[in-house]
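As the structure is a computational prediction, the values presented were derived from the model and not from experiment.
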Amino acid sequence: MNYIGSKNKLSDFIISEIKNEVGEIKDKVFCEIFAGTGIISRKIKLEVEKIIANDIEYYSYVLLRNYIGNQISFDYKKELEELNSSIGSEGFIFKNYCFSNGCERNYFSDENGKKIDAIRAKIENWKATKKISDDKYFFYLTSLLEAADKVANTASVYGAYLKHLKKTARANLNLEPAIFDVNGHQHEIFNEDANELIKKIEGDILYLDPPYNHRQYGSNYHLLNTIADYKYFKPRGKTGLPNYFRSKYCFKNNAAEVLESLIQSANFEYIFLSYNNEGIIDLEKIKKIFQSYGNYSVKQFNGYQRFKADRDENRKYIAKNTVEYLHILKKRG
């Protein structure tokens, strides 16, 4: 998925540094508490004893519930074919986020908007009638979210739509299976405020990847939340926003304070924080916070090319001295 702050390209570096610091991890409890698409948890899932994955955004919870929470393989081919053959319906997405319906929002083509509505309604009906398990429910929802994101008529995020349908937005929406790894272990998935959840969990390794700047994920990915939750509300403004969660990590006056509160409350031996040099908390402030709670060190990844825009709109990467820091804390008992 096109995702701000994705650690996909940095995942090998991050996981390698975690192993260098911690050592053997096969018996460890690993927590990714600002998980987003859960890329670090997904790549480390088969190597640890247990994962605790969390994100405040519901679309992220759906992805995590599938990729991390699902642990039993199942047959999906016939049901996925049935979903893909759904005849479009004029539901909430078409009526509020497709241009031809008169709302003037141009997030999806009419055909794709109708198909999203039809598939989403069918998945919900299957759950209500117990045709599918909860595991399958989140598997199909994840497949739908990823398929919708591929045909979204945006430059990258959902803070704005494009005036004319781009090439990928004109393609027909098609669900691909959101395949997950299986290791038979039990993992925990949450949809909570990280600073509240941290008071109720414990483990060995805590990985933090909070928002770096003023961009709120709830507004930038609001349409994925709308598809995932699929409950009626009155969309607001030109972009059709719902009410959304506003993270204190996105405000310069609050970010350092809430970060320190989380570190203080964390019942984990090792804490790793991803944060780059463009973040609103400066390097020295993070260093000071971490040193207050144990042994601190920092690693850096130079020349990281930050995601800017969509591939079909001449996607570019900005390398302008972007440095990704991995702050490391071995917390005092």
- Do the ring planes of F138 and Y61 sit parallel (below 30°), tilted (30 to 60°) or perpendicular (above 60°)? perpendicular
- Task: Determine whether the side chains of S274 and Y207 contain a donor N or O and an acceptor N or O closer than 3.5 Å.
- Result: yes
- Note, V62 side chain near N66 side chain (heavy atom, < 4.5 Å): no
- Query: Got K114 and E90 here, is their nearest side-chain heavy-atom distance under 4.5 Å?
  - Reply: yes
- Item | Verdict with reasoning, F268 to I205, per side-chain contact (heavy atoms from CB on, under 4.5 Å) | CA-CA 6 Å; F268 288 78; I205 306 165; 5.6 Å; no
- Task: Please examine the side chains of L262 and L206, heavy atoms only from C-beta on, and report whether any two atoms are closer than 4.5 Å.
- Result: yes
- Kindly indicate whether a cation-pi arrangement holds for R215 with Y217, taking the cut-offs as under 6.0 Å to the six-membered ring centre and within 45° of the axis. no
- Would you say the side-chain atoms of S86 pair up with the backbone N or O of L83, donor to acceptor, closer than 3.5 Å? yes
- Message: Parallel, tilted or perpendicular, judged at 30° and 60°: which one describes the rings of F139 and F74?
- Response: perpendicular
- Message: Is any side-chain heavy atom of W126 closer than 4.5 Å to one of Y137?
- Response: no
- Item | E257, CD atom: more than 12 neighbouring heavy atoms under 6.0 Å | no
- For residues I15 and I40, determine if any side-chain heavy atom of one lies less than 4.5 Å from a side-chain heavy atom of the other. yes
- Query: Who are the ring-ring contact (aromatic ring centres under 6.0 Å, His included) partners of F30, not counting sequence neighbours?
  - Reply: none
- Message: Is a donor from one side chain sitting under 3.5 angstrom from an acceptor on the other, for Y97 and D117?
- Response: no
- Does the side chain of Y244 pick up a donor-acceptor pair with the side chain of N220 at under 3.5 Å? no
- Query: Are side-chain heavy atoms of R65 and D135 found at a separation under 4.5 Å?
  - Reply: yes
- Item | Crowding at NZ, K299 (>12 non-hydrogen neighbours, <6.0 Å) | no
- In plain terms, say whether E176 and K150 are close enough for a salt bridge, that is, a side-chain N and a carboxylate O under 4.0 Å apart. no
- Task: Report the relative orientation of the aromatic rings in H187 and H185; use parallel for angles under 30°, tilted for 30 to 60°, perpendicular for over 60°.
- Result: tilted
- Taking only Lys NZ, Arg NE, NH1 and NH2, and the carboxylate oxygens of Asp or Glu, determine whether E79 and K131 approach each other closer than 4.0 Å. no
- Query: Between Y59 and Y221, what is the ring plane arrangement, given parallel below 30°, perpendicular above 60°, and tilted in between?
  - Reply: tilted
- Message: Parallel, tilted or perpendicular: which one describes the rings of H327 and Y296, with boundaries at 30° and 60°?
- Response: parallel
- Message: Tell me whether the rings of Y158 and F108 are parallel (<30°), tilted (30 to 60°) or perpendicular (>60°).
- Response: tilted
- Message: One thing to verify: whether R120 and E124 come together as a salt bridge, which I'm taking to mean a side-chain N less than 4.0 angstrom from a carboxylate O.
- Response: yes
- Query: Out of curiosity, I286 CD1 to L273 CG, how far, rounded to the nearest 0.5 Å?
  - Reply: 5.5 Å
- With respect to I33, which candidate in L197, D193, D209 satisfies the side-chain contact (heavy atoms from CB on, under 4.5 Å) definition? L197
- Identify whether the distance between the nearest side-chain nitrogen and carboxylate oxygen of K50 and E188 falls below 4.0 Å. yes
